[in-house]
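None of these values were measured; they are calculated from a predicted model. Values below: all heavy atoms of this structure, side chains included; hydrogens, waters and symmetry mates excluded.
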Protein chains: 2
Amino acid sequence: MPHDHAEACPGCADPSAAFAPHDHTHCAADVLARAEVLAGAAGARLTPVRRRVLEILLESHRAMGAYDVLNRLSAEGFGNQPPVAYRALEFLEEQGFVHRIRRLNAFAACMHPGESHAPVFLICRTCQSVAEAAGAPVRAAVEAAAAGMGFAVERTTVEALGLCPACAGAAA
Amino acid sequence: MPHDHAEACPGCADPSAAFAPHDHTHCAADVLARAEVLAGAAGARLTPVRRRVLEILLESHRAMGAYDVLNRLSAEGFGNQPPVAYRALEFLEEQGFVHRIRRLNAFAACMHPGESHAPVFLICRTCQSVAEAAGAPVRAAVEAAAAGMGFAVERTTVEALGLCPACAGAAA
DNA sequence: TCTATGTATGTAATATCATAACACGTCAAG
DNA sequence: CTTGACGTGTTATGATATTACATACATAGA
């Protein structure tokens, strides 16, 4: 999971620090840059609307509803109808730049574009922040359980609701 | 997971047969009876609407939307406004008699009331049937991943989309 | 028994999330 | 320079869910 800039961007680089305060401006810029490269390589076009949606989601480690994104877009002169937001979000999700958080009916920027994917989402019920944890071991357990029933897993969604370190500390 | 009636109710009794054809009338009646006992023990009232909602969901191993349930209810003389369905579903979910399938914005009867809970849901994308698999190992993997990030898990949602044995066979 | 209290149900209105269908503009390939 | 694919914008509608309030109903305490 760690990418380059490990020193400059602890929050991005180290999964165990995802909830810790970090230089988020850098963190977001780094992810955006990576997304641009990946989109180019995939022959996908990161147009102004799409790019802006990704930037908006990258402003925080929170999930945002499609209409929240849309409000931001329309305030900036883009279209103000739902499909504008949904289409950009759908594109970004297909590219793996954005994740859909089903529990919240919302979307969050992927902090590890181009990597493993299908992570586990850790959703803080107090501050609404969303972090990604490695999903491979969890998916393996799901596949094991499914195999015993003859079920062929194609996609898994794993979302955990709870308290992030900061909020757990504040509660205590 | 297996309960009594193992011979009479293979579909209910054996997780590995949940997708297999079985005496579903019996299966549903058995789950309903267990729910009644559990509700009584918990001091919760399984009123006519609530009971009927559970029966409706037990008619199949599929997930139903709240409005589908509501249509059935109103056709039978119960209220015809959304809160009627949502309240009953919420109650049943709190009692552990119904699960919410977030991926589908829908609800499915729990086939193992009173047992472990927080299972993994296996959702067939072709026939829409939903089965429950043991969730404990998966939850353990989630908690392990979360612990490494200092996140305290309270609830987890695990949903796998794929093909049930019957539909996988038909596809091949 | 009566009444107070909590709980369940019914209803109206509205909020929130999401998609279908069509029009228009841009740009690159033929 | 035209065609076709794609992206964006807009209208309209559909699907999911909740808030707020009114009414009934059960049951425990006076």
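Remark: P of D/dA17 and CD1 of B/Ile101 are 12 Å apart, rounded to the nearest angstrom. Summarising the geometry, the separation between CZ on B/Arg45 and P on D/dA28 is reported as 11 Å, rounded to the nearest angstrom.
The residues A/Arg87 and A/Glu90 are annotated as not salt-bridged, no charged nitrogen and carboxylate oxygen being separated by less than 4.0 angstrom. A salt bridge links B/Glu76 with B/Arg52: the closest approach of a Lys/Arg side-chain nitrogen to an acidic carboxylate oxygen falls below 4.0 angstrom. With respect to the salt-bridge test (charged N to carboxylate O, under 4.0 angstrom), the residues B/Glu159 and A/Arg103 do not qualify.
At least one donor-acceptor pair closer than 3.5 Å links the side chain of B/Arg62 to the backbone N or O of B/Cys127. Side chain of A/Glu154 to backbone of B/Leu161: no donor-acceptor contact under 3.5 angstrom is found.
Separation of the A/His22 and A/His61 ring centroids falls under the 6.0 Å cut-off. Remark: aromatic rings of B/His99 and B/Phe121 are close, center separation under 6.0 Å.
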Which nucleotides of nucleotides 8-16 of chain D have their base under 4.0 Å from a protein heavy atom (B), which only their sugar-phosphate (S), and which neither (-), written as one string 5' to 3'? BBBB----B
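Stacking of A/Arg50 on the aromatic ring of A/Phe91 is recorded, both the 6.0 Å distance cut-off and the 45° axial limit being met.
Put simply, chain B comes within 4.0 Å of DNA chain C, heavy atom to any atom, from C/dA8 to C/dA12, going 5' to 3'.
Sequence order on DNA chain C of the closest nucleotides to A/Phe107 and B/Phe91 puts B/Phe91 first from the 5' end.
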